[in-house]
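Atoms considered below: every heavy atom in the structure, side chains included; atoms not considered: hydrogens, waters and symmetry mates. Note that ligands are numbered from 1 as they come in the structure, with each ligand's atoms numbered from 1 the same way. We number each residue from 1, following the sequence as shown. All values derive from a computational prediction rather than experimental measurement.
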Amino acid sequence: MTGPGADEDVAAWARGLGLDGLVDIHVHFLPERVLAKVWAYFDGAEQHYGMPWPVHYRLPEAERLAALRAVGVRTFAPLVYPHKPGMAEWLNGWAREFAAREPDAVPTATFFPEPEAARYVEDALRAGVRCVKVHVQVGAFDPRDDRLDAVWGMLADAGVPAVVHCGHGPLRGEHTGLDVFARVLERHPGLVTVLAHAGMPEYDAALRLVQRFPRVYLDTTMVGVPFTESFMPLPGDWPARLAGIADRVVLGTDFPNIPYDYATQLRAIAEWAEADDRLGEPFLRAVLHDTPAKLLDV
Ligand SMILES: [Zn+2]
């Protein structure tokens, strides 16, 4: 069960678990000029985060796609997100074109609190979007904004998962915090929600939301890897805490914008599986494939 040592070992390791590939619900592909800005931000990580953040897969798009396929990812959700109004609909159009040309990418969408949001999210759902990304910290908006109420309702009705970055990690925002997002869930308890980064650093609060709302999931993005453990460590009994909710955890990685390789994330997940007898290989198959495949309907 011990995880893969390097990216070259991942595909064989996954096959050894009986998987035909991995399903990653949290990766990022963006229009080139937007991605250049994201990378420039990580270049200034010492200033923003107080530590360096060297993007491991800083490659042209074709090579990034090849790297993802080489580790045996068979389906992924390329997530886009806006940092200002007037941007989401354009990103949604780009994401739709991207998914049309890359068959292993599911179509995704995003939104921002603005008058057109309900209209373009409805368009996206009608066009067959499988996953939506919401970034409360980068967008700097309140997820309880009135203009989003209809949007959350539509997503809940459609059963389309929303990957929501609403935790305080790695950076706190004006409207981050799982207590804030809990208010959205109270109003829309049927919303299929994937708490990005397992709610980092409020892992306990994230687990409570999973217990409380049957359609809330956690993604593994950057969780438990040595980089994150150095500043937002998991509770010591994390594997035991997962035992009761093993079917509510999905693979996410933040590829390509991570300061380590893909195998490192998988080793962290494999360590949890190994640490508790109730997890083991069935947990790995659920996290790495079955549960994200169910959410994305692939
Ligand atoms: Zn992300």
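- In summary, His197 places no N/O/S atom under 2.8 Å from the Zn ion (ligand 1), failing the contact criterion.
- Judged by the 6.0 Å and 45° rule, Arg64 forms no cation-pi pair with Tyr57.
- No side-chain donor-acceptor contact under 3.5 Å links Tyr41 and Asn257.
- Looking at Asp254 and the Zn ion (ligand 1) together, the shortest N, O or S contact belongs to OD1.
- Under a 4.0 Å N-O distance rule, the pair Glu186/Arg183 qualifies as a salt bridge.
- Ring to ring, His135 and His83 are not that close: their centroids are 6.0 angstrom or more apart.
- Put simply, His28 gets within reach of the Zn ion (ligand 1), with an N, O or S atom under 2.8 Å from it.
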